[in-house]
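Heavy-atom basis, side chains included; hydrogens, waters and symmetry copies ignored. In this chain, numbering begins with 1 at the start of the sequence shown.
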Amino acid sequence: MSDTAAYTPLKPYAFDDTPIHGLYQTKSQIFTKMEQCRLLSLADELLLSIVETLADDKQSLARLASTCTHFKGISEPFLYRDIKLRSTVEADHIATSIKANEARALAVHFIDSCSSASNRTTNFNFLMRDFKNLRSWTIESPYTNYSAWVEEQGSQWVENDLEQIIEVFQLAGLASTLIEQPKPLVLLQSFTLHPHGHSSRCYRLDRLGAIFLHPSLRTIHLSCVNIDKDIEYLQQHQHTTPLTTLIFDECEISAPGLASVLCAPKGLTDLTLGENLHHSDFPSIWARRHRRDSHDGLVEALLQQAHSLQFFKHLRETSAPVRGFNLLPKLRKLELSSVDIRQLFKYEHFLPSDLESLVLIESNETWFGKLDQVRTLLAAHWLRNLKSLSFIVTLHHLAETLSDKLWGATLAQQVHKLAYELRNRGICFQIFVRNDCSRTIPPYLDGERIPQPVVVYDSQDYSFEARLGEEIPLEERRDKDELTEEEVIALKKQTDWQVPYCVVCWGDSLEWE
């Protein structure tokens, strides 16, 4: 949810039906003074269209709702539709306003909660059962950064706020014994949670697994959770939920834990499995690495969604490819980090034969040493449908060094030659760059800059097809896979223009341009 769509309340926020500075409060009264407000002579359908244009301007909506009862009824559904909470005081103001008029709870469709650290709990979470029309819910603990979770307030957030969240999902889930109809959050489509544990970076999923039994959720995004064992109660509801997209970000996940989570969806199509790569305060780092190195059960867990899984992204430390992806017949796009490319293309069981797009994610600057290994793909005859191969490379350079580091020496020619050979197989070759000079690490939280990958080389920008179709001798055709000096210069200029870079300012602090 964008900042412009979020609501920042006026103070006082709650509205009532008393006259304001002599303005008339009902439409019939205003009609008697039509010359004072001709706008209200319009049909309600036209008024609704006019007010809808202010949907992103919450301050104007609040002022309009304060003028009269009629505008209040038209404006409030837009005023309360998107709620963005950034402090407990703000959350309590809105909670008080909603309690004063229960109809306002039905207007809420989107909630983005990232309240600042406080020594008390907000009353807002007690209202979650009343948001019958809620579609999207994002929650971020105020103690999930800078090791703040080790403090007493961090534990209180887990015991109070997070427990209230769990209780709502338990009441709303398929395992709920609640007789009341409709159940809470009956229309919820998307849920994002950035938590922490009791004085620890990761929260043990366990009871929070109730979110995977929600009857309407399509998208779940979790960060910093620990699923180190099987969640038995999920096994009782196999292939029953409509979940299609699941994202784990910086999580500790065992194969049995993943298997229990993946048993619930009817047909999961997109899965991102981001293992814990940036947070080293896990109790047993050796146990964690041992679990990562043993991925024998990973594919077995994925096979529960083999009938539907089309996209899989795996972020991990170990480089050995995972065996068994060829058993996922629907898989069309695969993203892998720090993988041994030579092994990846050597055996058929590492990749599905119908794979269409492969993205290789490299987090260090030795990525160009793997380019020669990519040529082993040319012998992988079983990848008959592969149409796109991409590198996503993370660099850490200032403005004056970025393009030279990326395209210096003969690297540009090396990339172009490889792209020429791949296009002989009908494969498009791309290179994306993330230039990250910030001090932020995943999961990226509210207000943090996310380093987005930018394409710096695309083989489709060059007329390989026309050259390949020419009837010219092979020795002359070889010259066509080389960039001219002017093309290399243009490539560097394009990189400098497209990729955001950081500049040093005020000591060692950084700014982006």
Side-chain angles (χ1 to χ4, degrees), residues 1-87 89-113 122-138 180-189 216:
M1 183 169 63
S2 65
D3 290 346
T4 56
Y7 171 62
T8 303
L10 291 173
K11 297 179 180 179
Y13 175 82
F15 306 120
D16 53 36
D17 294 327
T18 58
I20 301 177
H21 301 302
L23 291 179
Y24 293 89
Q25 292 302 296
T26 66
K27 192 172 182 179
S28 59
Q29 288 175 313
I30 290 185
F31 277 141
T32 65
K33 298 278 187 175
M34 190 64 68
E35 66 277 4
Q36 295 186 13
C37 186
R38 298 184 62 84
L39 183 62
L40 283 171
S41 64
L42 297 176
D44 284 351
E45 292 79 5
L46 294 176
L47 291 177
L48 188 63
S49 298
I50 294 171
V51 173
E52 191 173 5
T53 63
L54 299 174
D56 294 336
D57 186 353
K58 303 303 180 182
Q59 294 289 354
S60 296
L61 280 174
R63 294 188 178 96
L64 183 62
S66 299
T67 59
C68 70
T69 302
H70 195 67
F71 271 137
K72 175 182 171 183
I74 294 176
S75 302
E76 283 197 349
F78 297 101
L79 185 62
Y80 287 91
R81 185 176 59 184
D82 304 338
I83 295 179
K84 190 169 187 176
L85 305 177
R86 289 300 176 265
S87 72
V89 174
E90 182 180 44
D92 286 345
H93 272 305
I94 298 179
T96 300
S97 178
I98 291 175
K99 287 180 183 178
N101 186 346
E102 295 181 358
R104 292 167 179 165
L106 300 178
V108 179
H109 286 189
F110 307 94
I111 296 177
D112 185 351
S113 176
T122 176
N123 295 322
F124 187 84
N125 287 336
F126 290 106
L127 299 176
M128 292 308 303
R129 293 180 59 175
D130 299 327
F131 298 136
K132 307 295 185 183
N133 292 322
L134 186 66
R135 264 70 167 182
S136 176
W137 189 11
T138 297
E180 171 192 345
Q181 294 293 336
K183 292 182 179 180
L185 309 178
V186 67
L187 297 179
L188 189 64
Q189 301 284 309
S216 66

Is the backbone N or O of R63 less than 3.5 Å from a side-chain atom of T67, with the two atoms forming a donor-acceptor pair by type?
no

Is a side-chain donor or acceptor of S97 paired with a backbone partner of H93 at a separation under 3.5 angstrom?
no

Considering residues at least two apart in sequence or located in another chain, which fulfil the side-chain contact (heavy atoms from CB on, under 4.5 Å) criterion with N101?
E76, A103, R104

Residue pair F131 / L188, side-chain heavy-atom distance below 4.5 Å
no

Looking at residues at least two apart in the chain, or sitting in another chain, which of them share a side-chain contact (heavy atoms from CB on, under 4.5 Å) with L48?
I74, F78

Can you find a heavy atom in the side chain of L40 that is under 4.5 Å from one in the side chain of C68?
yes

Tell me, please, which residues at least two apart from S87 pass side-chain contact (heavy atoms from CB on, under 4.5 Å).
V89, E90, S116

Considering all heavy atoms of both residues, which atom of L134 and which atom of F110 are nearest to each other, and what is their separation?
CD1-N, 3.8 Å

Nearest heavy-atom contact between D130 and A105 is O-CB, 3.6 Å

Take I94 and I83, measure what side-chain contact (heavy atoms from CB on, under 4.5 Å) needs, and give me the verdict at the end.
CA-CA 9 Å; I94 298 179; I83 295 179; 3.9 Å; yes

Minimum heavy-atom distance between D44 and H70, given as atom pair plus value:
OD1-NE2, 2.8 Å

Which residues satisfy the salt bridge (Lys or Arg N to Asp or Glu O under 4.0 Å) test with K99, sequence neighbours excluded?
none

Does R81 have any side-chain hydrogen bond (donor to acceptor under 3.5 Å, both in side chains) partners at least two apart in sequence or in another chain, and if so, which?
none

Heavy-atom side-chain proximity of Y80 to L106 below 4.5 angstrom:
no

Does the side chain of R135 reach to within under 4.5 Å of the side chain of L187, using non-hydrogen atoms?
yes

How far apart are the C-alpha atoms of L39 and I50, what are their side-chain angles, what is the distance that settles it, and do they pass the side-chain contact (heavy atoms from CB on, under 4.5 Å) test?
CA-CA 10 Å; L39 183 62; I50 294 171; 4.1 Å; yes

Where is the tightest heavy-atom contact between F71 and L64, given as atom of each residue plus distance?
CB-O, 3.5 Å

Counterpart residues, side-chain hydrogen bond (donor to acceptor under 3.5 Å, both in side chains), relative to S216 (two or more places apart):
H214

